[in-house]
Protein chains: 2
Amino acid sequence: MKTTFGEYIRLLRNENGLTLTQLAAKLNLDSANLSKIENEKRDFDEKRLPRLAEIFNLDLTDVRNEYVTDQIGKQIYETNCTKQLLQVAEEKAEYRRTLKEKVI
Amino acid sequence: MKTTFGEYIRLLRNENGLTLTQLAAKLNLDSANLSKIENEKRDFDEKRLPRLAEIFNLDLTDVRNEYVTDQIGKQIYETNCTKQLLQVAEEKAEYRRTLKEKVI
DNA sequence: ATAGATTTGTCATAAAATGACAAGTCTTAT
DNA sequence: ATAAGACTTGTCATTTTATGACAAATCTAT
């Protein structure tokens, strides 16, 4: 899905006919803050991903992927990272993986 | 360069024959903390990038690119983001750019 | 105009990052 | 062997940033 995580939550919420207040309650947070999350003014707390998946009966892995790609996408956007630089970043991630192996 | 940012600093420091204490002083921080930075136990504070470039007579843009790719690479690594998901993340960054345009 | 839904502003608190210092280890020259 | 300098590690107070909560606003439909 090519949306922000906030939009993703809003979509799920609307599809299931819940109000901010109702979903917020299920997630154990304030409706005002959920509104901010949906509007990209705050981050969704990663710790709530399992609960979110549970509420909407989704595979946690899918939800987490949605979250991770949003987070990285945001960083790419905020740092003005070009495709070329992203390629370098990916190589550096790969390099870190090799470092990890060495430790073993 | 396919190294972590810590390794990058260490490389620059050694190439220029500086001790941790000497470089730390130029960067206005404690040598113990610079050590941690070089060993990936702490992050280099983005605010010091201009000073770092200045010390080693480097193009700030290059230094910043080194930094940005390290940061994103680290996140890719830590989140176990696959190439496939990274592609999605990139699309989401692109999507955010279109959102920004709409605001104008 | 009212009620419910959503958004925005603010602030106290909680969590994470940073700076500083002390004490440790490692290396090398003597 | 040990002294000196270089580097690493642990800890903690402080600063910065994120979060939760509440009040007050705006929006939307009846």
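Just so we're on the same page: letters track the sequence lines, and every chain starts at 1.
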Heavy-atom check, side chain of A:D43 versus side chain of A:F5, under 4.5 Å: no
Short side-chain N/O contact from B:R13 to OP1 or OP2 of D:dC7, under 4.0 Å: yes
Toward the 5' end of DNA chain D, by each residue's nearest nucleotide, B:N14 or B:R42: B:N14
DNA chain D contacts among residues 47-58 of chain A, heavy-atom distance under 4.0 Å: A:R48
Residues B:D59 and B:R64 bridged, charged N to O under 4.0 Å: no
Cationic N near anionic O, under 4.0 Å, A:K2 to B:E90: no
Between C1' of C:dA16 and CD of B:E46, the distance in whole Å: 17 Å
Any B:L12 side-chain heavy atom under 4.5 Å of B:L58 side chain: yes
Between D:dG20 (P) and A:D43 (CG): distance, integer Å: 11 Å
B:Q84 CD: over 12 foreign heavy atoms closer than 6.0 Å: no
Residues touching DNA chain D, which here means a heavy atom under 4.0 Å, drawn from residues 19-37 of chain A: A:D30, A:A32, A:N33, A:K36
A:E66 vs B:K92, salt bridge (Lys or Arg N to Asp or Glu O under 4.0 Å): CA-CA, chis, key distance, verdict: CA-CA 10 Å; A:E66 193 67 35; B:K92 289 188 180 181; 2.9 Å; yes
Distance in angstrom units between A:N39 CG and C:dT7 P, rounded: 5 Å
Touch class at under 4.0 angstrom, heavy-atom based, for A:D45 against every strand present: nothing
Sidechain-backbone polar pair: A:E40 side chain, A:G6 backbone, donor-acceptor under 3.5 Å: yes
SB check A:R96 B:E78 (cutoff 4.0 Å): no
Polar contact flag, side-chain donor to acceptor under 3.5 angstrom, B:Y95-A:E7: yes
Same cluster (ILVMFWY, side-chain, under 4.5 Å), A:I37 and A:I55: yes
Difference in axis direction between the ends of the helix from C:dA1-D:dT30 to C:dT30-D:dA1, five pairs, 10°: 30°
Closest listed nucleotide, where the reference is the side chain of B:R10 and the choices are D:dC7, C:dT8, C:dT7: D:dC7
Ion pair B:R13/B:E38, N-O distance below 4.0 Å: yes
